Amino acid sequence: PRVTWGSSSATNWKTPPLAKPLISDPEPEYAGLHHIDMEVEDQNNGGYVSTTGLLDSGSQGSCINKAFSHSTLANHKLKADPITVVMADGNHSSASPVTHFDTVAVRIAGHEEQLALDTMSLSHPIILGMPWHKEHNPRIDYQRNTLTFDSESCRQRCSHYGKTIPLRSRH
């Protein structure tokens with residue numbers, strides 16, 4: 001059998017490498033919420049009103065703040081079937097049930113489209129949920145805080161194709 005001698009028999013003594021400092025446990029990190037600038041057609045006074053839309057790919061639908069809706073829109077529609085909003089923790093939102101929605105023209109990066117937005121009590125003027133994200137499939141660069149409309153669906157249907165807009169971060 002072959003014998004391998006350990007370091008005690010070494011003829012060349014080397015200083016052991018310095019021990020690497022222990023890496024501390026990570027701490028929770030937080031980032032601001034990301035909004036984009038948009039305009040909403042003011043159905044009560046004509047023209048467009050500037051506002052922001054919260055990007056929320058975790059939201060199953062898109063919605064509008066009830067107070068903003070009542071001050072800007074005139075076309076409130078009763079939902080055939082009210083919905084209950086379920087939060088990420090599984091609890092029902094205090095804003096439930098949602099009984100109305102609004103059909104509204106919005107402009108984002110110069111592109112105009114019609115959206116059907118559930119009307120509910122929110123802390124944001126508009127939330128752009130997963131249906132909007134799936135429709136436009138924008139490329140979001142969180143390091144540069146930009147959103148680019150470069151998907152195939154935007155190439156075929158949107159006037160904002162190829163445009164990059166800034167993300168507005170709020171804590």
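Positions are given from 1 along the sequence. Model, not experiment: these values are computed from the prediction.
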For E112, look at atom CD and say whether over 12 heavy atoms of other residues, nucleotides or ligands are found less than 6.0 Å away. yes
Exercise: identify the closest heavy-atom pair between S59 and P131: O-CD, 4.3 Å
Test item: S93 side-chain N/O and A95 main-chain N/O as donor-acceptor pair under 3.5 Å: yes
Hey, is the main chain of N75 close enough, under 3.5 Å, to the side chain of Q43 for a donor-acceptor pair? yes
Between T119 (side chain only) and K66 (backbone N and O only), is there a donor and an acceptor less than 3.5 Å apart? no
Parallel, tilted or perpendicular, judged at 30° and 60°: which one describes the rings of F149 and H160? parallel
So how far is it from S159 OG to E113 CD, rounded to the nearest 0.5 Å? 9.0 Å
Closest approach of L78 and F101, non-hydrogen atoms and distance? O-CE2, 4.1 Å
Within the 4.5 Å heavy-atom criterion, are V85 and H92 side-chain neighbours or not? no
Going through the distances and angles, do V40 and I126 end up as a side-chain contact (heavy atoms from CB on, under 4.5 Å)? CA-CA 10 Å; V40 174; I126 292 178; 3.5 Å; yes
Can we call the ring centroids of Y161 and H111 under 6.0 Å apart? no
How far does CG of L147 sit from NE2 of H35, to the nearest 0.5 angstrom? 13.5 Å
Picking from V106, L117, D56, what satisfies side chain to side chain contact (heavy atoms under 4.5 Å, CB included) with S62? L117
What's the verdict on side-chain contact (heavy atoms from CB on, under 4.5 Å) for I108 and I165, showing C-alpha distance, side-chain angles and the deciding distance? CA-CA 9 Å; I108 301 171; I165 61 173; 4.2 Å; yes
Side chains of L73 and N44, heavy atoms from C-beta outward: is any pair under 4.5 Å? no
Working to the nearest 0.5 angstrom, can you tell me the gap between I36 CD1 and I140 CD1? 8.5 Å
Correct closest heavy-atom pair for H70 and H76 would be ND1-NE2, 3.5 Å
Nearest atoms (heavy-atom pairs only) where L122 meets I64: CD1-C, 3.5 Å
Decide salt bridge (Lys or Arg N to Asp or Glu O under 4.0 Å) for R157 and E135; before the verdict, give the C-alpha distance in whole Å, the side-chain angles of both, and the deciding distance to 0.1 Å. CA-CA 10 Å; R157 294 189 291 269; E135 172 73 23; 3.2 Å; yes
On a heavy-atom basis, which atom in A109 and which in K163 lie closest, and how many Å separate them? O-NZ, 3.1 Å
Among the clusters formed by ILVMFWY side chains lying less than 4.5 Å apart, do M130 and L167 turn up in the same one? no
Hey, is K77 close enough to D102 for a salt bridge, meaning N to O under 4.0 Å? no
For D118, check side-chain hydrogen bond (donor to acceptor under 3.5 Å, both in side chains) against everything at least two apart and list the hits. K79
Looking at OG of S153 and NE2 of H136, how far apart are the two atoms once the value is rounded to the nearest 0.5 Å? 7.5 Å
Are H124 and L33 close enough that some pair of their side-chain heavy atoms sits under 4.5 Å apart? yes
Interatomic distance, N91 atom CG to S96 atom OG [nearest 0.5 angstrom]: 11.0 Å
Does T103 form a side-chain contact (heavy atoms from CB on, under 4.5 Å) with L115? I'd like the steps, not just the answer. CA-CA 6 Å; T103 303; L115 295 178; over 6 Å; no
Minimum heavy-atom separation for L128 to H133, with atom names? O-NE2, 3.2 Å
Please test V104 against Q114 for side-chain contact (heavy atoms from CB on, under 4.5 Å), starting from the C-alpha separation and ending with a verdict. CA-CA 6 Å; V104 60; Q114 293 285 322; 5.8 Å; no
pair H34-L54: side-chain heavy atoms closer than 4.5 Å: no
Group every Ile, Leu, Val, Met, Phe, Trp and Tyr by side-chain heavy-atom contacts under 4.5 Å, then state whether F68 and W132 land in the same group. yes
For the backbone of S69 and the side chain of T72, can you confirm whether one donor and one acceptor N or O come within less than 3.5 Å of each other? no
Under 3.5 Å donor-acceptor, T84 side chain and P97 backbone: no
When rounded to the nearest 0.5 Å, the distance separating CG of N65 from OG1 of T51 is 9.0 Å
Linking I/L/V/M/F/W/Y whenever their side-chain heavy atoms sit closer than 4.5 Å, directly or via other members, would V86 and I127 fall into one cluster? no
